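Working notes, structure below.
Just so you know, these numbers use all the heavy atoms, side chains as well, and skip hydrogens, waters and symmetry mates. All values reported here derive from a predicted model rather than from experimental measurement.
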Amino acid sequence: MVAVRTVGVGKRYGGGETRIDALDDVSVDFGRGRFTAIMGPSGSGKSTLLHCLAGLDRPSAGQVWLGDVELTRLDEKALTHLRRDRIGFVFQAFNLVPTLSALENITLPLDLANRKPDREWLDKVITTIGLGDRLNHKPAELSGGQQQRVACARALVSRPDVVFADEPTGNLDSRSSADVLGFLHRSVREFGQTVVMVTHDPTAAAYADRVLFLADGRLESELPDPTAESVLDMMKQLDAHEAG
Amino acid sequence: MLKLGLRSVLAHRLRFVLCTVAVMLGIGFVSGAMIFTDTLSTALKKNFAGSTADITVTPVSALSDDTGTSSARPATLSSDLAHQIAAVPGVAGTDPQLLTTGPQILGSDGKPSDTYGLPTYGAGWPHDPRTAPFKLIDGKAPWGEGQLGLDQSTAQREGYELGDKVKVVTPAQAVTGTLTAITTPVLAGAAAGAPLVTFDPATGQRLLLGGPGWTSIGVAIQPGQDSAAVTKAIEAVAGKDATVRTAAQVSADGKNALDDTFGGFSTVLLMFAGLALFVGAFLIVNTFAMLVAQRSRELAMLRAIGASRGQVTGTVLAEGLVIGAIGSTLGLLLGGGVAAGLQFFYQRLDLAIPTAVLQISPETIITCYLLGIGITLAAAYPAARRAGKLPPVAAMRDDAMLPERSILVRVIIGAFMLLMAATVYAIAVNLKGLPAAVLLGLGAAITLLGVVMTSPLISRYAVRGLMSPFGRKAPVTLGRRNAERNPRRTSATASALMISLALVSGLVVIASSAKASVDKGITDAIGTSDLVVTRDGGNPFSGQVRDRIAEVPGITSVHRVRQMAGKVGDTSVRVAGVDEGTLDGPITAQVEAGTVSGLQPGQAIVPRNLARTLDLSVGKAFQLITTTGTHRLTVAGVIAPNRQLNAIALSLPGYTAIGGAASDSTLYVEVADGTSIATVLPTVVAKLQDYPAVQVRDQQAYAKGERGPINAILGVVGMLLALAILIAVLGIVNTLALGVVERTREIGLLRAIGMDRPQLRRMLQVESIAIALLGALLGLVIGVLFGASIQQVMADDGLAVLDIPVLQLVIAVLVAAAVGVLAAVWPSRRAARLDVLRAIATE
Ligand SMILES: Nc1ncnc2c1ncn2[C@@H]1O[C@H](COP(=O)(O)OP(=O)(O)OP(=O)(O)O)[C@@H](O)[C@H]1O
Ligand SMILES: [Mg+2]
C-alpha cells in the first residue's frame with residue numbers, strides 16, 4: 001500500500017543564468033505505515049521535496065499523489081483543507097502558536113475543521129508525548145524538546161494519512177532528540193502511522209525503516225533497514241562519489 | 001543615525017504612510033485655521049486703510065451688545081450736534097449718516113430674502129458719496145417713500161432690476177418702493193456683504209428709526225490741521241453722549257469686530273486640529289512601539305557591533321523626525337487647500353468677504369513644523385528609549401524580546417488619576433452653573449487620562465468578556481488571544497477610539513438633553529397658548545400684527561411680550577414688557593415669592609436664576625440700564641426659571657415708561673374651546689400677508705423651530721465624530737497591519753496546518769472588533785457620565801431634563817463594531833496573500 005507517490009517531480013527556481021533546479025525528476029513511493037528518512041547535503045532539495053509532498057508548495061513538473069488524490073490538481077482552498085484533515089507537519093522550530101496552550105495547540109487542526117477530537121485517540125497521543133501536567137502551559141514555558149513533542153502530537157491528532165517532519169530534531173540535544181524520535185517511531189509501530197522525515201543526523205535516520213539520499217535535487221540512492229553505521233557509510237560513499 | 005532612520009522609513013514605507021496621514025490631518029487643520037485667519041486679516045487691513053472719514057462721531061450706547069433683536073429705538077445723534085461740530089475750528093465739513101439693522105427685504109415671491117444669517121442693513125442716502133460705506137453703480141439716488149435702492153448681490157439673487165417694485169418690511173411698517181438705485185459696498189465695514197436697502201435720508205429716518213436723528217456723523221478736517229486737537233475739540237462739543245474716533249481707531253474697531261465674527265470659525269478648526277493631533281499621537285506611539293519590537297534583533301545587532309545606547313535611540317528618533325517633517329509638509333499643503341476652500345465657499349455665498357492672496361506666514365510654517373515634528377518625536381520617544389535599552393545579546397537570542405516594563409507603576413498612577421477625577425466630579429456636582437461645567441470638563445479629561453493609564457489592565461479582562469458572544473471557534477479564540485497578547489498595544493489602539501467616542505457621546509447626551517429641555521421648557525411654559533407668533537431671528541415686529549390676529553373669529557385672546565436688552569450692574573439681561581394676564585395662562589409662571597399680577601410701572605418680576613445672580617429678592621430695588629437711560633425698579637415677584645420669560649419682566653405700561661418701543665417680539669394666542677387650531681391657522685396666516693417675516697406656529701412647530709440651533713450643533717458633532725473615527729480607524733488598521741507583519745511566521749504556520757483564508761480573515765476581524773468595542777464602550781461610559789453630570793450642574797441654566805439617547809448610543813457602539821470589521825479588511829487581505837512557505841521562513 002502506497003501512502004504518497006511522486007511521478008517525475010521537478011521544481012525550478014528563477015530563470016536564465018540564475019536558474020536552479022531544486023528538484024529534478026524525482027519519482028518515489030512512500031509505503032503506508034512506514035517510517036522514511038530523507039537525507040542529503042545542504043541545498044540538495046530535501047525541504048523542497050517535503051513541501052511539495054505536503055501540499056505546501058507546487059512542483060513545476062510532475063505529479064504528487066496522496067492516496068488517490070492528485071495534489072498537483074487541487075486549488076488553494078482544497079489544498080488547505082487537505083493539509084488540515086489528511087496531513088500532519090512538523091517544522092524544525094516555531095511550530096506552535098504562542099497564544100495557545102500546549103493542549104490547544106494539539107487540537108488546533110481539529111478546531112479549525114470544527115471537528116470534535118476522538119477522545120480515546122487524543123488521550124493516547126497525549127500520554128505518548130508524556131507532557132503530564134504541562135499540557136496547559138503556553139509554548140514559551142516549554143523546553144524546545146517538549147515543544148517539538150507537542151508539535152508531533154498536533155501532527156498526529158487528526159489521524160492524518162501521513163506526517164511530514166523537516167529536521168524535527170535539528171535544534172535539540174541528543175536526549176530530547178531521542179524523545180521526539182522515539183515518539184515518531186512509536187506512532188509508526190503502534191498506531192500504523194506513515195512518517196516522512198528529513199534529517200542530517202545518521203542516528204535519527206536509524207529510527208526509520210528506509211533512508212532516501214538526495215543530491216542536487218535528484219534521488220541518488222536508498223538504504224533499507226538502516227543503522228547509524230550503515231547510514232554513515234553510505235554518506236561517506238556518496239561524498240567520495242561527489243568528490244570523484 | 002539620520003541615514004539609518006531614513007533607510008528604515010524607506011524600507012517600511014507602507015507602515016509609515018498611516019502615521020504620516022495622522023500627522024498630516026492634524027497639521028492640516030492647524031495650518032488651515034492659521035492661513036485662513038491671516039488671509040482674512042490681511043484683506044481687512046488692506047480694505048480699511050484710509051477709507052473712512054477723518055473723524056467719526058457715534059452715539060454712546062449704554063449697551064455694548066445692543067443687537068438687532070432689541071425693540072428699543074437705536075441711539076442716535078441729532079442734526080443740531082452735526083451743526084455744532086461743523087462750527088468747531090479746523091472742521092471742513094460734517095456728513096451725518098444713517099445706517100442701522102432691522103429692515104427686511106422680500107423676494108419677488110413675497111418671501112424674505114435669504115441673508116445667510118447676516119443682518120439686513122438699512123441706510124439713508126449719503127450727503128457726501130465719498131464717505132459712505134457704499135456707492136451707486138447703477139440708477140439714481142432714491143427719493144421719497146416710493147423709491148429705494150438695493151445692494152447688487154441682493155438684487156441679483158432675487159432677480160430685481162431697476163424699475164421693479166420691491167417690498168421691504170421695516171420695524172415701523174411695510175413699504176413698497178420702486179428700485180431706482182443699485183449699490184455696492186466700498187469698505188470692509190460692518191455692512192459690507194450684508195443685504196442693504198437705501199432710502200433718501202428723511203424717509204430713512206422715519207422708516208428705520210421711527211423719528212429724526214443720525215447713527216453717526218462723519219467729519220472732514222481742514223488740510224494741515226492736527227486730527228488729535230480737532231478730536232479733542234469735537235469731544236468737548238459732543239459731550240459724554242457721543243464717542244469721537246479717528247479713522248485709525250474706527251478701522252481697528254471694525255477689524256476687531258470682523259475678527260470676532262470669523263474667529264469662531266478658526267476656533268472650530270483648531271478644535272478639530274487638537275482632536276486630530278491628540279488621537280494621532282496614540283497612533284504614532286503604537287506604530288513606533290511595534291516597529292521597535294519588530295526590529296529589536298536588528299537594533300540589538302547595532303548595539304553588538306558597537307553603537308551606543310544614544311545612537312540606537314537616535315536612529316528610532318530619526319524616523320520620527322522624517323515622519324514628522326513629511327507629515328507637517330503635507331499638512332501645510334492640506335491646510336492651504338482647506339483655507340482656499342473656505343475662502344472660495346464664502347465668496348460663493350456672495351458675502352463680499354474681502355479677498356487677498358492666501359497668506360502663508362512664516363509663523364504658520366514654523367508653528368506647524370514645530371507642532372508636527374514635536375508631537376511625532378514625543379510620541380516616538382518611549383519606543384526609542386526602549387530600543388536604546390536593548391541588551392546587545394538580544395541579537396544572538398532567537399526570541400529577541402524587548403524588556404517589558406511592568407505595568408504596575410502605570411496602573412497605580414492611572415488609579416490615582418481616576419481617584420482625583422472622582423474628587424473633581426464630586427466637588428463640581430455640588431457647585432452649579434458654568435464654573436461647575438468647566439470643572440467637569442477638567443474632570444473628564446483627567447478621567448480619560450486615568451483610563452488610558454489603567455487600560456492595559458482593563459483590556460486584559462474586558463476583551464474576554466466582550467468577545468464571549470462570538471463563540472469559541474478556533475479563529476475567534478485566536479483573534480481574542482491576539483488582542484489579549486499585548487494589552488499595552490491593544491489598549492493604546494483602543495484609547496484613540498475611546499477618546500473620540502467619549503467626546504462624541506458626551507456631546508450627544510448634552511445636546512439631546514438640551515433638546516428635551518427645550519421641549520419640556522416649552523410645554524411647561526406655554527400653558528394655554530395655542531399659537532405662538534414670532535419673527536425670524538427673534539426680531540421685533542409691528543404692533544399691528546396683534547390687532548389683525550385679534551380680529552380673527554375663534555381667537556379668544558392675544559397676549560404680547562416685548563423685549564429689549566439691558567444691564568444690571570455689569571450683567572447683561574433681557575427686559576420684557578408683558579400684557580396683563582400673560583403670566584396667568586399663556587405663559588405658565590410658577591410664582592415663588594411676591595406677586596406677578598397687577599404690576600405698577602416701576603415694579604418688576606425676576607426669575608429665580610437671575611435673582612440669584614443679581615442678588616435680588618421681593619421688595620428690593622435695583623438700577624436697570626437701557627439705551628434710553630437708567631431706571632429704578634423694585635422686585636414685585638420672583639418666578640421659577642422660565643424658558644419663555646428669561647428676563648426682567650415689567651407690565652406693558654411700565655415697559656413703555658422706561659422707553660421700550662411699541663413693537664412686539666412674541667405673541668401668545670389662545671383659541672376658543674371647540675374651535676380647532678387647524679381651522680384658525682390659515683385665517684391668521686392670511687391676515688398677516690403684509691408681514692411675511694412673521695411666523696405663526698402651534699406649540700409643536702414652535703418647539704421644533706427652537707430646536708433648530710441644537711441640530712446645527714449636532715451637525716458639527718457629527719463631523720467631529722467622522723474625523724475622530726477616521727483617525728481611530730487608521731490606528732486600528734495600523735495596529736493590525738503591523739501585527740500581521742510581526743506575526744508573519746505564525747500566520748504561515750496556521751496556514752500550513754490548515755487554516756483557510758476565511759478563517760484567517762475572521763481571526764483578524766475578531767481582534768479588530770475586540771479593540772474597537774473596548775474603545776467604544778469605555779468611551780461611551782466616560783462620555784455619558786460626563787454628559788449627565790453636565791446636565792446636573794446646568795439644570796437651572798437651560799438643561800432641566802436629562803435625556804440619554806439610548807438608540808443613538810447603541811448605534812454608536814454598532815458603528816464601532818462595524819469599524820472593527822472594516823479596519824480588518826485590508827490587513828487580512830494582506831495576511832491572506834502571504835506565501836505560506838516564505839512566511840514560515842521569515843525571521
Ligand atoms: N524560494 C526560493 N527561491 C530560489 N531558490 C530557492 C528557493 N527555495 C529554495 N531554493 C533553492 O533550492 C535548493 C534546495 O533548497 P532546499 O531548501 O530544498 O534544500 P535543503 O536540502 O532543505 O537544504 P538544508 O539541508 O540546508 O535545509 C537550494 O539551492 C536553494 O537555494
Ligand atoms: Mg531544509
Side-chain angles (χ1 to χ4, degrees), chain A residues 11 13 22 47-48 50-52 54-58 75-101 104-115 117 138-140 144 147 151 153-158 160 163-164 166 171, chain B residues 293 397-401 404 460 463-464 467 471-487 489-490 739 742-764 766-767 770 831-843:
Chain A
K11 178 78 185 177
Y13 288 112
S47 297
T48 309
L50 213 63
H51 292 155
C52 289
L56 285 167
D57 203 358
R58 291 178 186 280
D75 65 8
E76 165 58 33
K77 189 172 171 180
L79 262 185
T80 303
H81 289 166
L82 182 111
R83 284 201 301 269
R84 187 184 72 194
D85 300 333
R86 296 184 56 188
I87 291 173
F89 209 105
V90 181
F91 298 98
Q92 182 173 354
F94 309 112
N95 267 299
L96 306 180
V97 178
T99 50
L100 300 180
S101 71
E104 285 168 325
N105 262 294
I106 294 175
T107 57
L108 186 55
L110 298 174
D111 292 339
L112 286 173
N114 263 329
R115 276 180 8 213
K138 292 277 164 67
Q147 286 183 27
R154 183 192 61 211
L156 283 175
V157 77
S158 57
V163 170
F164 296 102
D166 193 350
N171 281 356
Chain B
R397 277 212 306 262
D398 211 23
D399 51 344
M401 282 289 281
E404 271 284 323
R460 225 170 245 181
V463 168
R464 183 166 303 228
M467 287 295 105
R472 308 184 55 98
K473 291 204 171 145
V476 177
T477 311
L478 282 167
R480 197 194 70 211
R481 296 274 172 86
N482 283 340
E484 288 169 344
R485 173 188 293 198
N486 191 331
R489 180 189 302 172
T490 299
E742 192 176 68
R743 298 198 294 261
T744 300
R745 183 157 45 197
E746 192 180 319
I747 289 169
L749 171 71
L750 285 167
R751 297 273 292 128
I753 63 170
M755 176 180 263
D756 58 24
R757 284 180 180 163
Q759 285 177 322
L760 184 60
R761 210 167 296 142
R762 184 110 185 93
M763 178 179 90
L764 287 170
V766 166
E767 181 179 355
R833 284 219 204 98
L834 280 179
D835 178 335
V836 176
L837 284 178
R838 222 173 271 184
I840 295 169
T842 44
E843 286 266 330

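Contact of A:N114 with chain B is made through the side chain alone, with heavy-atom distances under 4.5 Å. Contacts between B:R751 and chain A at a heavy-atom distance below 4.5 Å involve backbone atoms as well as side-chain atoms. Of the two parts of A:L82, neither the backbone nor the side chain holds a non-hydrogen atom closer than 4.5 Å to a non-hydrogen atom of chain B.
Considering all non-hydrogen atoms of both residues, B:D756 and A:H81 come closest at OD2-NE2, 2.6 Å. Across all non-hydrogen atoms, the minimal contact from A:R154 to B:L749 is NH2-CD1, 3.9 Å.
Residue A:L112 holds its CG atom at 10.5 Å from CG of B:L760, rounded to the nearest 0.5 Å. Rounding to the nearest 0.5 Å places CG of A:L100 at 5.0 Å from CG of B:L478. Note that the CZ atom of B:R481 and the CD atom of A:E104 stand 4.0 Å from one another [nearest 0.5 Å].
Summarising the local packing, CZ of B:R762 is surrounded by 12 or fewer heavy atoms from other residues, nucleotides or ligands at distances under 6.0 Å.
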